[in-house]
Amino acid sequence: MSSVMSGNPAVVMRLVASAYAVAEKAGAIVRKVLHSGELGIVEKTGANDLQTLADRLAQQSICASLSKRFPKLTIIGEEELPAEEVNEDLIENGQAEEILQKTCPAEYSDLKEEELVVWVDPLDGTKEYTEGLLDNVTVLIGIAYGGRAIAGVINQPFYNYQLGPGANLGRTIWGMPGLGAFGFQLQEVPDERRIITTTRSHSNKTVMDCVDAMEPHEVIRVGGAGNKIIQLIEGKASAYVFASPGCKKWDTCAPEAILHTVGGKLTDMHGNAYCYDANVKHMNSAGVLATLRNHQYYTSRVPQSVLQALK
C-alpha cells in the first residue's frame, strides 16, 4: 500500500513541512539577534566573508531540528561549527500542516531519508545584515536527491521591514518541481527589458564584462543569492549573472528548486547544471547564471574570456 493511500505523507513532504517551520524559526532567531544589537561579528576569510551570532544560532537551530526528526539525513551547512549540545530553545518540532496535506509528486513518493541531502545557508547576505540592508537577507534550506535540487524553502526574516514598526515582518516561500511554488506572486519582467541582477560586494572586471555582454537595459546590485532569485520570480530582474567562483551550493540549492518549479533555470556560466550530491565540492566555481525565461539568450552572450576564466 502506498504511503499516500494510508494517509501517511511521503518522507520528502514531511521534510519540506519541517524545513518550512524550521526556516520560520531561524528567521525569528535572525530578527532577535539584530534587535539585541549584539551581532557578535567575526571575519572568516576577510571583510567580505563574515559570520555573526545569527549565522551560528540559526544554523544550530536548523541542523539540530532537522537531524532530530530525520536522523539519517545528510545536512550540509555553511558555517563550520564545533559539535556541541544545542540549547532546547533552538529546537523546532513543528511542521507546516498545509504542506503535509499536499500530494507528493509520484517520482519522489518513495524516496528514503538517507537518499536526501539538505543544503543550509542559515543567513544568506551576512554582510548586508551587518550593514542594515535587511531586505537582502534570507534563510535557505534546499533539498536534493540524485544530485538535483528537488525542493527549496526560503525565509525572508525582514520582509516588509520598510513599512516600519507594527509591520507584519517576514515571509516564507517554498517550491517543489512537479508540485508548485507558494508564498509569492509570480511575475515577469516585460519582454523587451533586460534587467540584470548581480553581486553587490564581490564584483571585478570579469563579473562586469559578463554583465555588459548581456546588453542590459538596467543593472541591479544587491546582496544574497536567495534575494537575487526572488527578484527573478517577482519580476524585478530577468537574469542573475555572476561570473565568479564566489557562490556555494548552499546559496543555490533552495533557490534553484523554486526557480525550476516556475519554469526558470539555474546553471553555471557554460550552461551546465550544478550537482548537489553529498560529496561534491561546495564552491560553484564556474559562476552562476539564473533566469526565469530565455536562458539560451544569456548563455549565448557569455564572453569567451569569461568561459576561459571559469573552467
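The model shown is predicted, which means the values in this text are computed figures rather than measured ones.
- Distance check: Tyr274 OH to Lys281 NZ gives 7.5 Å after rounding to the nearest 0.5 Å.
- The closest side-chain heavy-atom distance from Val12 to Cys104 is below 4.5 Å.
- Side-chain contact check for Leu111 versus Val11: every heavy-atom pair is 4.5 Å or farther apart.
- Remark: side-chain polar atoms of Asn227 are not paired, donor with acceptor, to backbone N or O of Val137 under 3.5 angstrom.
- The distance from the OG1 atom of Thr74 to the CD atom of Glu114 is 9.0 Å, given to the nearest 0.5 Å.
- Side-chain contact between Glu128 and Ser201 is present, with heavy atoms from C-beta onward closer than 4.5 Å.
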Ile91 vs Lys68, side-chain contact (heavy atoms from CB on, under 4.5 Å): CA-CA, chis, key distance, verdict: CA-CA 9 Å; Ile91 303 288; Lys68 181 178 172 189; 4.0 Å; yes

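- Of the possible donor and acceptor atoms, one in the side chain of Arg56 sits under 3.5 Å from a partner among the backbone N and O of Gly40.
- Counted by atom type alone, Ser36 and Lys32 present zero donor-acceptor pairs between their side chains at under 3.5 Å.
- Judged by distance alone, with hydrogens and angles left aside, the side-chain atoms of Asp124 form a donor-acceptor pair with the main-chain N or O of Gly226 at under 3.5 Å.
- One hydrophobic cluster holds both Leu186 and Leu232 under the rule that ILVMFWY side chains link at heavy-atom gaps under 4.5 Å.
- Put simply, the side chain of Thr130 reaches to within 4.5 Å of the side chain of Thr52, judged on heavy atoms.
- Counting non-hydrogen atoms of neighbouring residues, nucleotides and ligands closer than 6.0 angstrom, the NZ atom of Lys44 exceeds 12 such neighbours.
- Contact check for Pro255 versus Ile154: side-chain heavy atoms found under the 4.5 Å cut-off.
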Which atom pairs, donor and acceptor, lie under 3.5 Å between side-chain atoms of residues 303-311 and protein residues at least two apart or in another chain?
| residue | atom | partner | partner atom | Å |
| --- | --- | --- | --- | --- |
| Gln308 | OE1 | Lys311 | NZ | 3.4 |

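- No more than 12 heavy atoms of other residues, nucleotides or ligands sit less than 6.0 Å from atom CD of Glu80.
- A distance of 4.5 Å separates SG in Cys63 from CD in Gln59, rounded to the nearest 0.5 Å.
- Side chain of Arg200 to backbone of Arg221: no donor-acceptor contact under 3.5 angstrom is found.
- Within the 3.5 Å criterion, the main-chain N or O of Pro245 finds no donor-acceptor partner in the side chain of Ser285.
- The minimum heavy-atom distance linking Ala243 with Cys210 is given by the pair CB-CB, 3.7 Å.
- The 12-atom threshold is exceeded at CD of Gln162, counting heavy atoms of other residues, nucleotides or ligands nearer than 6.0 Å.
- Using a 4.5 Å cut-off on side-chain heavy atoms (C-beta onward), Asp121 and Ile141 make no contact.
- Within the model, atoms CG of Leu266 and OG1 of Thr291 stand 8.5 Å from one another, a figure rounded to the nearest 0.5 Å.
- Hydrophobic clustering of Ile, Leu, Val, Met, Phe, Trp and Tyr side chains at less than 4.5 Å, counting indirect connections, keeps Val118 apart from Leu259.
- Proximity of a side-chain donor or acceptor of Asp277 to a complementary backbone N or O of Val280 within less than 3.5 Å is not detected.
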Steps toward salt bridge (charged side-chain N to carboxylate O under 4.0 Å, His left out) verdict (Glu218, Arg193): CA-CA 8 Å; Glu218 191 185 334; Arg193 281 188 72 68; 3.3 Å; yes

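- Glu98 has no carboxylate O lying under 4.0 Å from a charged side-chain N of Lys102, or vice versa, which leaves the two without a salt bridge.
- Checking side-chain atoms of Asn136 against main-chain N and O of Gly223 turns up a donor-acceptor pair under 3.5 Å.
- Residue Val189 shares its hydrophobic cluster (ILVMFWY side chains chained together at separations under 4.5 Å) with Ile195, Ile220, Val222.
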Trace of the side-chain contact (heavy atoms from CB on, under 4.5 Å) decision for Phe184 with Val262: CA-CA 11 Å; Phe184 65 97; Val262 294; 4.1 Å; yes

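- Using a 4.5 Å heavy-atom threshold, the side chains of Ile75 and Phe70 count as separate.
- For residues 281-305, every residue pair satisfying the ring-ring contact (aromatic ring centres under 6.0 Å, His included) rule, not counting sequence neighbours, is listed here: Trp119-His282, Trp250-His282.
- To the nearest 0.5 Å, atoms CG (Leu289) and CG (Asn284) are separated by 12.5 Å.
- With hydrogens and angles ignored, the 3.5 Å screen pairs a side-chain donor or acceptor of Lys228 with a backbone N or O of Gly224.
- Among residues two or more places apart in sequence or in another chain, the ring pair (Phe, Tyr, Trp, His ring centres under 6.0 Å) test is passed with Phe182 by Trp174.
- Between Thr126 and Asp55, the side chains place a donor N or O and an acceptor N or O closer than 3.5 Å (distance only, hydrogens not considered).
- Residues meeting the side chain to side chain donor-acceptor pair (under 3.5 Å) test with Tyr276, sequence neighbours left out: Thr252, Glu256.
- Taking hydrophobic clusters as Ile, Leu, Val, Met, Phe, Trp and Tyr residues chained together by side-chain heavy-atom distances below 4.5 Å, Met176 shares a cluster with Tyr145.
- Shortest non-hydrogen contact noted between Val30 and Phe158 is CG1-CE1, 3.8 Å.
- Checked by atom type and distance alone, the side chain of Asp251 pairs as donor or acceptor with a backbone atom of Lys248 at under 3.5 Å.
- The aromatic rings of Phe242 and Tyr240 sit parallel to each other, their planes meeting at less than 30°, with 60° as the upper class boundary.
- In this structure, Ile173 CD1 and Ile229 CD1 are separated by 10.0 Å, a value rounded to the nearest 0.5 Å.
- Contact of the Leu169 side chain with the Tyr161 side chain is registered, since non-hydrogen atoms from C-beta on lie closer than 4.5 Å.
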Contacts under 3.5 angstrom, residues 16-29 side chains, donor-acceptor by atom type, not counting sequence neighbours:
| residue | atom | partner | partner atom | Å |
| --- | --- | --- | --- | --- |
| Ser18 | OG | Arg14 | O | 3.2 |
| Ser18 | OG | Gln95 | NE2 | 3.1 |
| Glu24 | OE2 | Thr172 | OG1 | 2.6 |
| Lys25 | NZ | Asp89 | O | 2.6 |

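- Within a 6.0 Å sphere centred on CZ of Arg293, other residues, nucleotides and ligands contribute more than 12 heavy atoms.
- A salt bridge is defined here as a Lys NZ or Arg NE, NH1 or NH2 lying under 4.0 Å from an Asp or Glu carboxylate O, and Glu115 with Arg148 fails to meet this definition.
- Judged by distance alone, the side chain of Thr199 and the main-chain N or O of His202 form a donor-acceptor pair under 3.5 Å.
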